Amino acid sequence: MSIKEVQSLPGFREFYPESCAVRNYIFDMWRNVAHRYGFAEWEGPVLEPTDLYRRKSGDEIAGQLFCFEDKGGRDVSLRPELTPSLARMAVAKQREYKKPLRWFEIGACFRYEKPQKGRLREFYQFNCDMLGESAPAIDAELIALAIDVMTGFGFTKEHFAVRLSDRNIWKRFMQEAGVPEENETTLLQIIDKLERTRPDVLDTQLQAIGTSLAAVQEFTASKAETEAVTTVRQQLEARGFGDFVSVDLSIVRGLAYYTGVVFEIFDCQGDMRAVAGGGRYDNLAKLIGGSDMPAAGFAMGDVVIGNFIEETPVAKAKLDAYVKAASELDAYVIVASEERRPDALGIVQKLRSAGLRVDFALTAAKVGKQFQSAEQRNARLAVIVGDEFPEVSIKNLTTREEVKTTSDGVVEAIQHALA
RNA sequence: GUGACCGUAGCUCAGUCGGUAGAGCCCCGGUUUGUGGUACCGGUUGUCGCGGGUUCGAGCCCCGUCGGUCACCCCA
């Protein structure tokens, strides 16, 4: 059977070392920034009862769920996002943790959709959440974290922007415009699509629920703020992040469970795609069957941010530097004389014990070949072990300088040469 | 789910008017045996995605299918 007869599934990922290094770069950045904000890492199940997602989002998302029946007849789904599992876990052990919780997860998520740019069937989400606190300070904290991730990747205010809003502002609009309360969900769905629907269609839809496109446009232009938005904005300004943030009432987020402040991070170079998004979900814990627990969070996906990094030269340069460093070898031990292989192995091991990254030729090969291998393996130094043993040579593969040392002093000499 | 475009060597691709395939890169070996990146020489490589049809003859034309890319839809 040829290898092609069993292909990987569409939209699922295979990480060869090069792309795995890129992935790790993104993960490291996420993890490091989260740690700087005092967040603890957690992980939930990859497979969940389908009900967990139906309950909070409604049946209309079932078509995008990667769901199937397991051998026990259970209706199960690969997680399409991390928040519902988080809400359940946090509710279950609510009393065991001091509030607010600062939790983050990096986990694979799955959505059954046609793969295309920025969207695959398998992707990683970085999810940061704070639970058990209703003050807008946590919204500001989360947005600050997201901004630090972006600047960590090398992005500046020329590249991205945070658009901030509050779903509750539309309640005010509905009262002022006389839109019946039961139309709230419909209104928010229309607002969510403000930028990608034709104006005449929008107007028709809005007329149907008792308002008009003109009224909506006038309202968004007012840049009205709720108290929460004002607080968040001021706290971000106090951190020096004011340049990144602007109020945009058309941001309401698609998810049904958001209840208050919402925000999205946009790529303002290209097509204004959202690279991260989140907000308040004070009712989710209750929806899932727990007691009330105010909460907020955001998610960032590896595919979109990966594309964004690749397309932005300053960010790409940082990524490349990381990838190069990750593949680098401190030393390549050259067995110049086969009789000295045991001694060479001793040195290899000694260097590895000292924490250095070391490789060597496993089988007899000409010295020239071994140098070539050292070069190709991206080694900084070559350690030549030959007939002169216990004298060994250390050659800097960049400067071509060569120094001699002894077997006993080789670790120190290498560390010195690498410094 | 809908649509457009694309599938030829491990990779990037060429292949004319239908006459059973080629280049570059990569990889391996060599340029007289203990010092690398260049150069030169040599070598391996294909069910032309798969299945059917038209034809004396299909990589090329037609149908289907699978896969890929992009867009729409949707976006948790």
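Proteins come first, then strands; the chains are lettered A, B, ... in the order of their sequence lines, and each starts at number 1. All values derive from a computational prediction rather than experimental measurement.
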When you measure from the centre of the six-membered ring of [Y], is the NZ or CZ of [X] closer than 6.0 Å and no more than 45° off the axis?
X: A:Lys395; Y: A:Phe371; result: yes
X: A:Arg111; Y: A:Phe123; result: no
X: A:Arg121; Y: A:Tyr112; result: yes

Look through every strand shown and name the nucleotide pairing with B:U12 as Watson-Crick or G-U wobble, where both distances are under 3.5 Å.
B:A23
Within the 4.0 Å heavy-atom criterion, would you say A:Glu338 contacts the bases, only the backbone, or no part of the nucleic acid?
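The answer is nothing, as A:Glu338 stays clear of every strand by at least 4.0 Å.
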Got a second to check how far A:Leu101's CG is from A:Gln94's CD, nearest 0.5 Å?
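Spacing of CG (A:Leu101) from CD (A:Gln94) equals 9.0 Å.
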Using whole Å, report how far NZ of A:Lys395 lies from C1' of B:G37.
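My rounded result for the distance is 11 Å.
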Could you check how far CG of A:Asn396 sits from C1' of B:G37, rounded to whole Å?
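Those two atoms, CG and C1', are 14 Å apart.
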Name the closest nucleotide to the A:Lys114 side chain, picking from B:G34, B:A76, B:A71.
B:A71
The side chain of A:Gln376 lies closest to which of these nucleotides: B:C27, B:A76, B:A71?
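So the side chain of A:Gln376 is nearest to B:C27.
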Does A:Gln64 have a side-chain nitrogen or oxygen under 4.0 Å from the phosphate oxygens OP1 or OP2 of B:C75?
no
Record whether the side chain of [X] comes under 3.5 Å of the base of [N] through a donor-acceptor pair of N or O atoms.
X: A:Gln116; N: B:G68; result: no
X: A:Arg119; N: B:C70; result: no
X: A:Arg400; N: B:G37; result: yes

